[in-house]
Trainee: 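Structure below; questions to follow.
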Amino acid sequence: MPIGRAARRKALRWLQRVMKDFFDQWRQGQSGGYDEKFRIREIAAIQVPTPGKWPGHKRGQKHNPYRCGKPWDEAGPRAYKSKAETVADFLSKKMAPAGFKFIKILGWGGLGICSLYEVDDGDGNKIKVVCKMDLNPRQKYIHREIASHVATAGAKHIVQRAILQRHHTQIEQVTKQLRAFDPPDPGKTQAKAVNAPEGFELIEEPEDEEFEVVDQKFVELDIKKDLKEGLDADDRMLFIEFMSRGRFDDYIRRVAEQLSEFPDQVLWQIFDCLFRAVIGMAYPTAFHPLNTDPRTEHVPTISETCRGLPVLDSTSHRDRIIHFDLEPLNILVGNFDQDEHNVVPLIKVSDLGLAKTFNGKETNAWAVWATRQSGKHHIFAPEQHTEEWDYLDELPDMNISETAGNYNWWTNLYQVALVMWKLITLHDYEYPPVIEEIEIKQIDGTLVKEWTYGGYLFHSKFNHIDSDLRNLVALCMIHNPTHRPKMQDIELCIQKHLDKETTANDQMVRLFVDDFFGGPPPPTRVPDPVDPKEYEKLKGWRIEPMKNETLEKKKISSIMKLASKFAGWGF
C-alpha cells in the first residue's frame, strides 16, 4: 500500500530530529556508538525545524590534534575479521573454475572485503586483479559502487574497474587452430584417392588424437570465458585494478612514526593526483571514449583536466559524483611512470561504495537528509554537519542556506583538503573540527576574511612548509563551499607550482621517495605532447579555452600553455 504524504512527512520529521540530536552529540565529540534507540525521549522533544534563522558561526574550541599513530597491524577492524575470512573463502571457491588463484585478503571494513587474485591472461602473463564484495549481501553497496566505477571509467586518478573478459585472449588463438583442423566437407572438397579400391574415394582427415586434444583445450578455455563473463555481470562482486604499493594511510603513519615529513615537492605532486580525481568525479562519463561501453569494455585512462569542460557551480544541473568517504584509507598507491608520475608514484582514489550522484534537482527529501551521515564521523564535510540544516523545513534551499546540502565537486575537494591537512601536520583529524575566522590569501593574492577549518595549518610549527600550499589547502577547507576556490584556478595554481619545482634533481626528495615509496623514481623526462584529438574522442568534451568570467585573458593564455604540458593533452 503506497505511503501517504502525511506519513512521509511524519517519517521525515523524525529523521530530522534524529539528525539534529546526532550532530549535537557530534559537535561535543560524543557521537561514537550513537544509537537513537537509547535517546528516544530526547529526540521526541526536539522541535524541527528550529524557528528563526541560523545565527552564524561561533568560535570553536582550541586546536589540540594528536600525532598520527602507527600503521595498522591488521588489514581491517578485528570485529569483522571472521566474517571477512568466510566471505573470502566463498569467493575463492567461486572464482577457481574461471582460472583465478586466490592470493590473499587485502583488507576489509564494516561493509565489504577486498581480496587479491591472479589469473593467466592467455599469453603466459600473470595478471593480478582485486575482487570486492559486500560482507552482507543485503546491503547492495557493491551494486552502487559498480555504477560509480562505470561512470568514472577512463579517469586516470580513480581506481578503474577490471573487465575479466579481457583475460582470455588465448580463446581466439585456439579458435584459429581449430579452424585449421575442421573436418573437410565432402561436398566441397576434392576427393583424393590413396591406394583406394576401385570405385571408392578416400577423404584425408586429421588424426583423431590431434583433433581431440585441441578440441578439449578449446572447450576448457571456452568454459572459462563464459565463467569470466558471468563474473563480470554479477553485481554482487566488483573487480578492480591492483595497486601494488597499497594504502596511502600506511605511508602517512610511517612518516609520522619516523619523525620525518613530506617534502614540499612531494606534497604538491600528491595534491595534483588527488585534485585530478576530484575532476574525474565532477564530470562522470566525460572521460569515456566515444563509441565504447565501459560496462563491458576496457576503457584506456587519460589524465583528468577541467579545461574544455563546462564550469560547475550551484546553478549547474549536471551529474556529479560525491564520494563522502574520501580519506587516506581509501586512497591507493600504484607505480611510477616516465610522465607525470616520475617523482611520486601514481596515487588513486578508491572505494566508491558510499558515493552518490547529485545534479541539483533532487526531490527525495529523505534521501538528501540521510546523506548527512554518509562516511566516517571525522571527515564529514560542512555540507553535512553545518547547523544550517536545523533551520530547514524539507529540502535544502540555496536561497536560505549556502552550505547545508550544497553537494557539488567542492564537497570532494574539502575531503581532499583534509587529506592534505593530515599530510602537512602529520596529525589525526580534529574531531570535532575547529573552525575559526582568519585573514586568508585567495589564489589571485587578494586578502579576505573567511571561516575555515584549516586554521591550524598557519601555526608557526608548520612555517617550513610551502606557505602557498598551506594557504591553498585552507582555502579548500572554507565552510561556505561557494567561497572555496574555483576548479580552473586550482588547476592552474597547482600546475604553476609543479612547473617551478626541480624535484627530480633534488637529492633529498629522491631519498625520501626511495625510502617511503619503495624504489627510486625513473629518470625525469618531459611528458610527450599528446594529439588533442585524443580528447576530442571523449564524451562531453569541447576543444576551446575555459569560459570563466573571473579569468582574465592573460590567464586563459597561461592555461593554454600549461595545459599543453599535461600528460594526455596537447594543442
Side-chain angles (χ1 to χ4, degrees), residues 72 74-77 79-81 83-84 86-88 90-91 105-117 129-153 155 157-163 231-243 246-249 274 277-278 280-282 284-285 294-295 319-333 347-358 367-368 370-381 383-384 407 409 411-412 414-416 418-419:
W72 288 14
E74 293 275 12
Y80 300 101
K81 183 176 181 179
K83 178 67 173 177
T86 300
V87 173
F90 165 78
L91 272 176
I105 297 175
L106 294 175
W108 66 85
L111 301 178
I113 178 176
C114 287
S115 302
L116 180 63
Y117 290 85
V129 295
V130 176
C131 178
K132 296 190 66 175
M133 190 171 188
D134 289 325
L135 286 185
N136 185 341
R138 293 191 295 269
Q139 290 174 323
K140 300 293 185 183
Y141 286 107
I142 290 298
H143 177 75
R144 294 209 313 248
E145 189 168 359
I146 291 173
S148 295
H149 276 283
V150 169
T152 54
H157 294 88
I158 299 174
V159 169
Q160 296 292 289
R161 181 168 167 250
I163 306 297
L231 291 172
D232 278 331
D234 192 335
D235 63 3
R236 298 173 300 171
M237 295 178 287
L238 167 66
F239 297 94
I240 57 176
E241 61 181 317
F242 173 55
M243 300 292 285
R247 300 179 305 194
F248 189 50
D249 185 74
L274 297 178
V278 170
M281 290 182 285
T285 75
R295 293 171 300 178
D319 285 353
R320 56 262 185 179
I321 293 174
I322 313 303
H323 193 288
F324 285 117
D325 202 20
L326 212 168
E327 56 120 1
L329 283 171
N330 295 330
I331 297 171
L332 301 176
V333 184
I347 293 173
K348 296 194 179 194
V349 168
S350 70
D351 204 345
L352 305 177
L354 297 181
K356 295 179 179 65
T357 301
F358 289 83
V368 173
T371 58
R372 294 193 65 188
Q373 285 185 322
S374 292
K376 300 178 179 67
H377 293 193
H378 55 276
I379 61 170
F380 286 145
E383 294 89 314
Q384 297 171 273
Y407 300 124
W409 69 273
T411 307
N412 295 326
Y414 176 85
Q415 292 193 332
V416 161
L418 269 180
V419 175

Trainee: Below 30° counts as parallel, above 60° as perpendicular, anything between as tilted: where do the rings of F358 and F324 land?
Mentor: perpendicular

Trainee: Got a second to check how far Y141's OH is from M133's CE, nearest 0.5 Å?
Mentor: 16.0 Å

Trainee: Going by salt bridge (Lys or Arg N to Asp or Glu O under 4.0 Å), name the residues that satisfy it together with D134, two or more places apart in sequence or in a different chain.
Mentor: none

Trainee: Return the minimal non-hydrogen interatomic distance between W409 and A282, and the atom names on each side.
Mentor: CB-CB, 3.6 Å

Trainee: Between K132, R236, K356, which is the residue that forms a salt bridge (charged side-chain N to carboxylate O under 4.0 Å, His left out) with E145?
Mentor: K132

Trainee: In this structure, which one of V150, I146, I163 forms a side-chain contact (heavy atoms from CB on, under 4.5 Å) with R295?
Mentor: V150

Trainee: Measuring from atom CZ of F380 to atom CG of L418, what distance do you get when rounded to the nearest 0.5 angstrom?
Mentor: 12.0 Å

Trainee: Applying salt bridge (Lys or Arg N to Asp or Glu O under 4.0 Å), name anything that partners K81, two or more places apart in sequence or on another chain.
Mentor: E74

Trainee: Rounded to the nearest 0.5 Å, how far does CZ of R161 lie from CG of L238?
Mentor: 7.0 Å

Trainee: Closer than 3.5 angstrom, by distance alone: can the side chain of Q384 be matched with the main-chain N or O of T371 as a donor-acceptor pair?
Mentor: yes

Trainee: Which pair of non-hydrogen atoms, one from A155 and one from G280, has the smallest distance, and what is that distance?
Mentor: CB-CA, 4.1 Å

Trainee: Under the side chain to side chain contact (heavy atoms under 4.5 Å, CB included) criterion, do D325 and K376 qualify, and how do the steps go?
Mentor: CA-CA 7 Å; D325 202 20; K376 300 178 179 67; 2.9 Å; yes

Trainee: Would you compute the distance between atom SG of C131 and atom CD1 of I142 and round it to the nearest 0.5 angstrom?
Mentor: 8.0 Å

Trainee: Holding to side chain to side chain contact (heavy atoms under 4.5 Å, CB included), I want the full list of residues that pass it with S350, two or more places apart in sequence or in another chain.
Mentor: V159, N330, L332

Trainee: Does a side-chain heavy-atom distance below 4.5 Å link R320 with Y407?
Mentor: no

Trainee: What pairs with H149 under ring pair (Phe, Tyr, Trp, His ring centres under 6.0 Å), at least two apart in sequence or on another chain?
Mentor: none

Trainee: Suppose we screen for side chain to side chain contact (heavy atoms under 4.5 Å, CB included). Which residues come up paired with A153, at least two apart in sequence or across chains?
Mentor: Q160, H288, P294, V299

Trainee: Identify, with sequence neighbours excluded, every residue that meets salt bridge (Lys or Arg N to Asp or Glu O under 4.0 Å) alongside R247.
Mentor: D250

Trainee: With no hydrogens and no angle check, is any side-chain donor or acceptor of N412 less than 3.5 Å from a backbone partner on H323?
Mentor: yes

Trainee: Checking T357 now: which residues fulfil side chain to side chain contact (heavy atoms under 4.5 Å, CB included) with it, not counting sequence neighbours?
Mentor: D319, I321

Trainee: Please enumerate all residues that pass salt bridge (Lys or Arg N to Asp or Glu O under 4.0 Å) together with K348, with sequence neighbours excluded.
Mentor: E241

Trainee: Can you list everything that forms a side chain to side chain contact (heavy atoms under 4.5 Å, CB included) with A84? Sequence neighbours excluded, please.
Mentor: W108, I113, L135

Trainee: Identify, with sequence neighbours excluded, every residue that meets ring pair (Phe, Tyr, Trp, His ring centres under 6.0 Å) alongside F242.
Mentor: none

Trainee: What's the spacing between L326 CG and L352 CG if we round to 0.5 Å?
Mentor: 9.0 Å

Trainee: Residues in ring pair (Phe, Tyr, Trp, His ring centres under 6.0 Å) with H143, at least two apart?
Mentor: none

Trainee: Ignoring hydrogens, what is the shortest heavy-atom contact between A277 and I158? Give both atom names and the distance.
Mentor: O-CD1, 3.7 Å

Trainee: Can you tell me how far apart CD1 (I240) and CG (D351) are? Round to the nearest 0.5 Å.
Mentor: 8.0 Å

Trainee: Could you list the residues that satisfy ring pair (Phe, Tyr, Trp, His ring centres under 6.0 Å) with F248, not counting sequence neighbours?
Mentor: none

Trainee: Output, in order, the C-alpha distance, side-chain angles, deciding distance and verdict of side chain to side chain contact (heavy atoms under 4.5 Å, CB included) for I331 and D249.
Mentor: CA-CA 8 Å; I331 297 171; D249 185 74; over 6 Å; no

